[in-house]
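In what follows, a single structure is set out as structure tokens and then discussed.
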Number of protein chains: 2
Amino acid sequence: MSAPERPLRADARRNRESVLDAAGELFAQRGDAVQMDEIAERARLGVGTLYRHFADKQALLAAIIGRRFEAMTALARAADETEDPWTAFETLLHGYLEAAQADAAFRFALLGPEEPRWSDIAAEKTDFAEITERVVRRAADAGRLRADFSAQDFTLITRGAMANMTGTGDWRRYVTLLLDGIRHRPGS
Amino acid sequence: MSAPERPLRADARRNRESVLDAAGELFAQRGDAVQMDEIAERARLGVGTLYRHFADKQALLAAIIGRRFEAMTALARAADETEDPWTAFETLLHGYLEAAQADAAFRFALLGPEEPRWSDIAAEKTDFAEITERVVRRAADAGRLRADFSAQDFTLITRGAMANMTGTGDWRRYVTLLLDGIRHRPGS
DNA sequence: TAGGAACCGGAGTTCAGGTTCATCTTATGG
DNA sequence: CCATAAGATGAACCTGAACTCCGGTTCCTA
């Protein structure tokens, strides 16, 4: 399958890192609206160098989003290690949203019309889905989440929150509403 | 201020309508990704004619979104005429979302990063905000919505639902979760 | 029903931004 | 320390899509 794969030359490895760092920061701030030239400039490299390491803009973006999904997976794994099921769920939910808040590229990717491409890529490379599934199930089984709550519902509410991160909306308030429900119940 | 404003020539008026219809339909399907040439073709007109009636693509899009906001306002007004406060609220919420579901341009506009430009335009030209405010307040005062529910919360949940209309998410399920809350309450 | 203002059409222009490639530079193994 | 393959560079190129422009057409009024 794969060729002998001689390791990258030292400068190449360094430059690759620079590109990833620069792109990560810029994409996080402004999504895919950033231009390749900007990334090159911030990385103090020529555009050509970006293209030596990544086939095109999409590939670079994919690398960045992949990174984020890895971080999310670590987060989920950590949450899953919490013993209390509800705390585990809340930790995951808040950690996920906090991270999403800091990363516009991630949000746009998951909210944009090209989904579900990204989730599929994430599923191939990480266990995020499985771990989330487990965390959700634990909370539901423990009777702390409505019994029919599923991992898909996690995606649903997560998308909703992210949609309220651009502009003036207060997404924390939104999460509160979701957790409690907006309809008044005389009992309880 | 305004010039004598001779009325449009018959063909011009007709063509303007064609443009609006074509653009409305295409924008609704695919958001602002549609090209001016496509709109012209569907309207059976030259591109030049589009530009005679609308300064640029943004202006055309604004006209379309304005139309939608007018429809939304009519909807809100109708809901406000329902006597039961909860029914009024539900009618507005579902009507709004059903309409949003059918109009990608509207969704993208409200979810995109250029918000709150659109809401401001809407506020200038329609009473949507005021009427919604009233409907929400009525439901809250009647004790059918959590007491601290505000018109901003309407925007919040509405955005969340629209974010789940692209792709595979089931936004009706999402609304259910919001209305009921996802946390299990032993009491009630 | 003629004159002319208003309007239309769509090939061509412009421009922004992604991508290439001929040439120069540098790391590395011997 | 050299030879050389790997890597870097950025001006030039290409593409696609918004927009312009002017010769031809149509409506309207007197």
Side-chain angles (χ1 to χ4, degrees), chain A residues 2-24 26-27 29-65 104-105 108-109 112-114 117, chain B residues 2-24 26-27 29-65 104-105 108-109 112-114 117:
Chain A
S2 53
E5 281 299 319
R6 158 190 320 252
L8 283 180
R9 230 169 66 174
D11 56 344
R13 189 165 47 254
R14 215 176 325 136
N15 287 341
R16 186 173 217 282
E17 260 342 279
S18 294
V19 172
L20 247 11
D21 288 350
L26 290 176
F27 280 147
Q29 281 171 192
R30 318 207 319 267
D32 66 2
V34 305
Q35 293 164 221
M36 293 303 264
D37 290 13
E38 290 184 81
I39 297 173
E41 189 180 14
R42 168 178 274 246
R44 292 164 170 279
L45 295 169
V47 242
T49 306
L50 304 211
Y51 285 94
R52 165 165 290 273
H53 292 284
F54 301 94
D56 53 24
K57 198 182 182 182
Q58 276 308 304
L60 179 50
L61 187 58
I64 297 296
I65 307 241
F108 293 159
E114 322 78 48
R117 192 173 141 249
Chain B
S2 53
E5 282 299 319
R6 158 191 316 257
L8 284 180
R9 228 169 68 174
D11 55 346
R13 187 166 49 253
R14 215 175 327 137
N15 287 340
R16 185 172 218 282
E17 258 346 275
S18 294
V19 172
L20 246 14
D21 288 349
L26 289 176
F27 280 147
Q29 280 171 195
R30 317 207 319 267
D32 65 1
V34 305
Q35 294 164 219
M36 293 302 264
D37 290 14
E38 290 184 81
I39 297 173
E41 190 180 13
R42 168 177 276 243
R44 290 161 173 281
L45 295 169
V47 242
T49 306
L50 303 211
Y51 286 95
R52 162 163 295 271
H53 291 286
F54 301 94
D56 53 24
K57 197 183 182 181
Q58 276 307 306
L60 178 51
L61 187 58
I64 297 297
I65 305 239
F108 293 160
E114 323 79 47
R117 193 173 140 249

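All values reported here derive from a predicted model rather than from experimental measurement. Residue numbers begin at 1 in each chain, while the letters A, B, ... track the order of the sequences.
Listed candidates were D:dG7, D:dT26, C:dG18. Nearest to the side chain of A:Arg9 is D:dG7. Listed candidates were D:dA18, C:dT19, C:dC8. Nearest to the side chain of A:Asp56 is C:dT19.
Note on the helix from C:dT1-D:dA30 to C:dG30-D:dC1: angle between the axes of the first and last five pairs equals 10°, rounded to 10 degrees.
Residues meeting the side-chain contact (heavy atoms from CB on, under 4.5 Å) test with B:Ala33, sequence neighbours left out: none. Residues passing the salt bridge (Lys or Arg N to Asp or Glu O under 4.0 Å) test with A:Arg117, sequence neighbours excluded: none. Remark: B:Arg30 pairs with B:Glu38 by the salt bridge (Lys or Arg N to Asp or Glu O under 4.0 Å) rule, at least two apart or across chains. Scored by the side-chain hydrogen bond (donor to acceptor under 3.5 Å, both in side chains) test, A:Glu41 finds no partners at all (sequence neighbours excluded). Partners of A:Tyr51 by side-chain contact (heavy atoms from CB on, under 4.5 Å), not counting sequence neighbours, listed by chain and number: A:Met36, A:Val47. The side-chain contact (heavy atoms from CB on, under 4.5 Å) test applied to A:Arg52 returns no partner, not counting sequence neighbours. For A:Ala109, the side-chain contact (heavy atoms from CB on, under 4.5 Å) partners two or more places apart in sequence, or in a different chain, are A:Ile65, A:Trp118.
For residues 10-20 of chain A, every residue pair satisfying the salt bridge (Lys or Arg N to Asp or Glu O under 4.0 Å) rule, not counting sequence neighbours, is listed here: A:Arg9-A:Asp11, A:Glu17-A:Arg67.
Closest approach of B:Ala43 to B:Ser18, counting heavy atoms only: CB-O, 3.9 Å. Listed here is the closest heavy atom pair of B:Leu26 and B:Val34: O-CG1, 3.6 Å. Counting all heavy atoms, side chain and backbone alike, B:Asp32 lies closest to B:Leu61 at CB-CD2, 4.0 Å.
Distance B:Glu41 CD to D:dA17 C1': 15 Å, rounded to the nearest Å. Regarding A:Leu61, its CG atom lies at a distance of 12 Å from the P atom of C:dT19, rounded to whole Å. Rounded to an integer number of Å, the gap from B:Leu8 CG to C:dC7 P is 6 Å. Residue A:Ile39 contributes atom CD1, which lies 16 Å from atom P of D:dG10 at whole-angstrom precision. Atom OH in B:Tyr51 sits roughly 18 Å away from atom C1' in C:dC7 (whole-Å rounding). C:dG9 atom P lies 5 Å from atom CG of B:Leu45, rounded to whole Å. For the pair B:Arg44 CZ and C:dG10 P, the interatomic distance rounds to 12 Å; values are reported in whole Å. The CZ atom of B:Arg52 sits 12 Å away from the C1' atom of D:dT25 (whole-angstrom rounding).
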Give me the distances for all protein-to-nucleotides 11-17 of chain C N/O pairs that come in under 3.5 Å?
unit_1: C:dG17; atom_1: OP2; unit_2: A:Gln35; atom_2: OE1; d: 3.2

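Within 4.0 Å of B:Leu50, counting heavy atoms only, lies no atom of the nucleic acid at all.
A heavy atom lying under 4.0 Å from DNA chain C marks the following residues of residues 12-22 of chain B, by number: B:Ala12, B:Asn15.
Note that CG of A:Leu50 is 11.5 Å distant from CG of A:Asp56, once rounded to the nearest 0.5 Å.
Taking side-chain N and O atoms only, B:His53 has a distance below 4.0 Å to OP1 or OP2 of C:dC8.
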